[in-house]
Amino acid sequence: MGRSAVTSLEAMTKRNQDDNSPALVVDSVGKQFGSGDSAVTAVDDVSFSVERGSIVGLLGPNGAGKTTLIKSILGTVLPDTGAIRVLGTDVKNERRAAYANVDAMLEGARNDYWRLTVQENLRYFATISGINPDSVATRHARLLERLDLTTWADTPVRDLSRGMKQKVSLASVLAGGAELLFLDEPTLGLDVEGSRTLRSELRRLAIEDGLTVILSSHDMAVIEDVCDRVIVMADGGIVADSDVETLVETVGGDRLQIKSNDLTPRIVSRLRERITKTALKATIDSDSDPHIEVEISEVSLYRLFNILEGADVEIEQIQTIEVGLEEALIELTSTQSQADTRTQAGSVDESHTKVGDPSVNKNQQEAKSPGGTEISTDSIQRSNHSESDMGRSREHDI
Amino acid sequence: MTDSQLFSTAHQDDTEQSDPQPATYYHLTRAVLLREFLLFIRYPANAVGGIVVALFFFIVLFYGGQLLAGRALADSIEGIVVGYFLWTLSSGAYASISNDIGSEVQWGTLERHVTTPFGFAPVALLKGVAKLVRTFLTSAVILVGMLLVTGTKLAFPPVTVIVVAGASVASVLGLGFAAGGITVLYKRVGTWLGLLQFGFVILVSAPVFSIPWLRALPLAHGSALLQRVMVDGTRLWEFSITEISLLFAIAVVYLLGGYVVFHYATRRARRLGVLGDY
């Protein structure tokens, strides 16, 4: 699939010759808003590339820099530093040619005209994307059919439900036949069936048409389902970049959390002498109940309970924590935030002291896991889980 | 529809159809003008409301003026009708282009246009043309209403009126572009910039014969020429080359100037990361 556009024939030819180049190359891109003391670094020296035909998830908490990065790539935000090549074309030198085959569905935007009908939107956006709408009429009809919008083709978008509007937005960005697509929260407002249809369509487009998709979403099910690869951002930088499976493995397998007021740093030290150090995380502080977490696959639970029994630790609660992409994301991004806090403050908050293996706590810049996941900073150091962990855990009150 | 159906039918369809053809500026023009036309006929309330309000204000102005000025107003009524016609034309074009850019920012569609191969500039320009045509239609209705209310007769050589009024309003479109650009950068000033259209009354009635340099301002020179066309019946070829050249020069300078302001405002908005924020 390709879009001919009004860009110069020379530029088009050049790009076609360069079809083996990555769909996207982001090289040391940085963006800072404001200046002086109020300056905020939204994107900090980010580099990565995306192969054609792949679906890449861009994840991170709010404020991580995802949207600024996407907008920097799209040129709606001008980056301060770095270079970006889209489908083999430098966006700074050949802006029009670079974006001839790119489209985006941005979060919080209408993305289309609500007073026009669904069909009219598709035709309009195909045209401004550089495609004669008459030549893709069949394709538009099929697109509407796949997204279950055929019935609503002649209905003004303003009369549709939120979920339907979201589908129309997706249809309108697909109408021009882009080769590289940016989707920011595409499943927002979609029901289960709508979300499933969208995933199917994305997979089909990637497999059959070689469409490259950069997908930003807080819906982990969508990410896990369709993404070949996940890039995790926190505080403007990339903290992890791998496929979903490796990413989850990197932060460890399922865990057992044991809560007890009898847990002390001394007991934790004793545990560390007897079980695999890296499999144990302990939180003994004033903010929460004292507890330890162990990776179930790495520890002999029989030995663990023996030690606790021997230390007269009365267990108050046990729960298993299933580690999925969501947990991995929380772990990776909270670790980054803590690292930044330490860097800025120069020391750890005294009221939140963790007891851990000193060798594991060292900052480990650009560490690489056995699985090939690139993780920057001290992501090996374990961190507190947020409340969302509890949603995927099973509690066992003693 | 199941996943397997999606996969099985898609490839077959793809092989059946021809490759997409490129869109040219003809297709872009058609798409933008069609969009404006559809919105015009589908939502006529805005246009009708604008006509009613404009006629209402003219009636208040006319009968109020008659009470206050009596015979003096009757002597200059033709000039007032022509001036009011040009004012409705220019304020309509200005408001539609500046408001349209503001709406595109608010809807997030401006960002989509920015990343297309055409960019937003030709789309905005075509929209300006479409809105100019639309405003011509509504202003023509207002003109007929004014002539009926006042019982006045005016010359209306269509080509001359369209060329002179069109060139005059083109300079206002430039101001609309500039205002739209400033709205992209500073979202909240849109309402204040809307008040600028009331300043057009001064430009339309500028005393260009006693203060010649006022002709350099938008609308002023065009207004003087339009008065001669519609009141005195002067035709396009009867104007001197200097007068026509000045009319088009002013149109081009303000249109280009407005576009440059818009271009740099959107560039600064991209630098500040506020292009799509509202």
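For clarity, every value in this text was computed on a predicted model and none was experimentally measured. Below, chains carry the letters A, B, ... as their sequence lines are ordered, and counting in each starts from 1.
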- Task: Evaluate the side chain to side chain contact (heavy atoms under 4.5 Å, CB included) criterion for residues A/K71 and B/E111: first the C-alpha distance (whole Å), next the side-chain angles of each, then the deciding distance (0.1 Å), finally the verdict.
- Result: CA-CA 9 Å; A/K71 289 189 173 185; B/E111 284 183 300; 3.2 Å; yes
- request: Evaluate the ring planes of A/Y113 and B/W107, with Trp represented by its six-membered ring, and classify them as parallel (under 30°), tilted (30 to 60°) or perpendicular (over 60°).
  value: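 A/Y113 vs B/W107 ring planes: perpendicular.
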#### Entry: Minimal non-hydrogen separation, B/P117 against A/S129, with atom names
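So the minimum-distance heavy-atom pair works out to CG-O, 3.6 Å.
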Closest heavy-atom contact between B/R30 and A/P133?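 It is NH2-CG, 3.9 Å.
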Of the backbone (N, CA, C, O) and the side chain (C-beta and beyond), which part of [X] lies under 4.5 Å from a heavy atom of chain B, both, or neither?
{"X": "A/S172", "result": "both"}
{"X": "A/T68", "result": "neither"}
{"X": "A/R95", "result": "side chain"}
{"X": "A/R115", "result": "both"}

Electrostatic pair B/R112-A/D112, nearest N-O below 4.0 angstrom: no
Atom CG of A/D103 and atom OG1 of B/T116: how far apart are they, to the nearest 0.5 Å?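 The OG1 atom of B/T116 is 8.5 Å from CG of A/D103, to the nearest 0.5 Å.
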Exercise for the section: Look up atom OG1 in A/T127 and atom OH in B/Y25, then write down how far apart they are to the nearest 0.5 Å. Expected result: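 Those atoms lie 13.5 Å apart.
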By a 4.5 Å heavy-atom criterion (distance strictly below it), what part of [X] contacts chain A: side chain, backbone, both, or neither?
{"X": "B/Y43", "value": "side chain"}
{"X": "B/V123", "value": "side chain"}
{"X": "B/L272", "value": "backbone"}

Examine distances only and state if a side-chain atom of B/R271 and a backbone atom of A/V77 form a donor-acceptor pair shorter than 3.5 Å.
no
I'd like to know if the side chain of A/S135 reaches the main chain of B/P20, judged simply by a donor and an acceptor atom lying under 3.5 Å from each other, with no hydrogens or angles considered. no
If you count heavy-atom pairs under 4.5 Å with chain B, which of A/R123, A/M105, A/K31 comes out on top?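 Option with the top pair count is A/K31.
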With heavy-atom distances below 4.5 Å as the criterion, would you say the side chains of [X] and [Y] are in contact?
{"X": "A/T76", "Y": "B/T115", "answer": "yes"}
{"X": "A/I131", "Y": "B/Q21", "answer": "no"}
{"X": "B/L39", "Y": "A/L116", "answer": "yes"}

Between B/H27, B/R267, B/R35, which residue shows the highest count of heavy-atom pairs closer than 4.5 Å to chain A?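 It is B/R35.
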| query | Stepwise, does the side chain to side chain contact (heavy atoms under 4.5 Å, CB included) test hold for B/T109 with A/F125? | reply | CA-CA 10 Å; B/T109 40; A/F125 283 105; 4.2 Å; yes
request  = Show your working on side chain to side chain contact (heavy atoms under 4.5 Å, CB included) between A/L78 and B/R268 and close with a plain yes or no.
outcome  = CA-CA 9 Å; A/L78 290 177; B/R268 179 152 176 76; over 6 Å; no
